[in-house]
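Heads up, the thing below is written out as structure tokens.
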Amino acid sequence: MPEIRLDRFISERSEYTRSQIKELAKKGKITVNGTVEKSCDKKLDPDLCTVTVEGRTIAAEKFKYILLNKPEGYVCSTDDKDGETVMSLIPPELRTKDMFPAGRLDKDSLGALLITDNGGLAHRILSPKRHVPKIYIVKLDRPFKSKYIDIFTSGMEIDGGERCLPAKVSAVKNCEKLAFVELKEGKFHQVKRMFKSVDNNVERLMRVAVGGLILPENLEFGQCIELLHKDVENLFLPLDFELFCSKYFGIFSAILINK
Ligand code: URA
């Protein structure tokens, strides 16, 4: 197998970030084949090395990350008691036995869904404390009103009491019934319930970004791709909501309207 850097070996197989790995290496907490290794750029062959961090052996197998463009009609679960699951859309050669959907989209929702066997990373994406934003485009049954912006930003109440974290919302240029929404949490049917609270209804919903990872426009519904390490790192990069809306409104409104 080709050689890779020590920090990459660890970050692809664990929850440690590159900066944590650097710190731990400096403190002598990393070993390669039983010897303390302080330089993160040391090259090693993943098949031939045993690496430990703080006394814990890092498994040689890499985690897998799949980005699926979820079509309607599939449930985000590994259990098919409520219908066909998104797991059935993953080709066998990309599947591992511990994979699961890192996040929930409703059965009738569309768009970006990460599927992985890295439980720690899934937790980081989903935890409201981590504030990884998710952006959705929605088709409403009534025109967007500018008053939604303040209501969503102020941390609205839904269903007469449940308080939401402040969220962003923006009209989609030239389409009065389309809107972008950015949430940093994932309550049950949250986007739908937020619009219901302002007397509107979501007719169609598509997730278009998770953190800084944007749904590729050429990924068809039902198709998936394996993510590279740099794409996974994108999940934790900031994405400017306003800039995103102005850059992608044409692409994603066309996809949603033509669906
Ligand atoms: N909010 C919803 O209402 N549904 C989804 O599928 C995702 C977010």
Side-chain angles (χ1 to χ4, degrees), residues 66-80 82-89 100-116 122-142 144 148-149 151-153 155-172 177-211 213-215 219 221-224 235 239 241 244-245 248 252-253 255-257 259:
I66 307 292
L67 180 67
L68 170 71
N69 187 358
K70 181 191 171 298
E72 271 176 89
Y74 290 81
V75 288
C76 287
S77 171
T78 51
D79 181 340
D80 58 10
D82 293 323
E84 196 165 359
T85 77
V86 289
M87 303 309 292
S88 66
L89 297 166
F100 62 95
R104 225 180 317 140
L105 284 172
D106 299 334
K107 192 170 180 177
D108 61 354
S109 295
L110 309 160
L113 181 71
L114 182 73
I115 295 175
T116 183
H123 178 73
R124 266 209 278 161
I125 293 168
L126 301 177
S127 164
K129 289 197 192 110
R130 299 283 187 159
H131 290 219
V132 174
K134 286 104 194 163
I135 301 180
Y136 304 85
I137 185 168
V138 290
K139 181 167 181 290
L140 302 168
D141 78 342
R142 293 164 187 216
F144 181 88
Y148 298 166
I149 297 173
I151 298 173
F152 278 49
T153 315
M156 66 196 290
E157 273 189 7
I158 48 178
D159 296 338
E162 206 174 340
R163 169 86 48 201
C164 299
L165 290 175
K168 294 180 184 167
V169 65
S170 169
V172 171
K177 290 188 179 173
L178 293 189
F180 281 113
V181 186
E182 184 194 85
L183 300 188
K184 290 184 172 163
E185 59 183 341
K187 298 184 195 300
F188 185 61
H189 294 332
Q190 184 165 349
V191 174
K192 292 174 184 161
R193 288 157 72 206
M194 288 167 91
F195 279 101
K196 191 114 195 126
S197 300
V198 292
D199 291 324
N200 211 324
N201 285 300
V202 171
E203 288 184 342
R204 192 168 288 159
L205 178 152
M206 175 165 72
R207 184 155 60 198
V208 289
V210 179
L213 183 71
I214 298 168
L215 184 68
L219 191 65
F221 291 110
Q223 278 188 345
C224 59
L235 286 165
L239 188 63
F241 180 66
F244 176 88
C245 297
Y248 289 99
F252 288 124
S253 58
I255 294 174
L256 198 66
I257 287 168
K259 171 75 189 79

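In this text, all values refer to a predicted model and were calculated from it rather than measured experimentally. Start at 1 and go down the list; that is how both ligands and their atoms are numbered.
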Distance, nearest 0.5 Å, that separates [atom1] of [X] from [atom2] of [Y]:
X: Lys134; Y: Leu183; atom1: NZ; atom2: CG; result: 8.5 Å
X: Phe152; Y: Phe195; atom1: CZ; atom2: CZ; result: 4.0 Å
X: Leu215; Y: Leu68; atom1: CG; atom2: CG; result: 9.5 Å
X: Asp141; Y: Glu203; atom1: CG; atom2: CD; result: 5.0 Å
X: Lys177; Y: Asn201; atom1: NZ; atom2: CG; result: 11.0 Å

Residues in contact with ligand 1, criterion: heavy atom under 4.0 Å: Leu105, Asp106, Ser109, Tyr136, His189, Gln190, Val191, Lys192, Leu205
Verdict with reasoning, Asp106 to Lys192, per side chain to side chain contact (heavy atoms under 4.5 Å, CB included): CA-CA 10 Å; Asp106 299 334; Lys192 292 174 184 161; 2.7 Å; yes
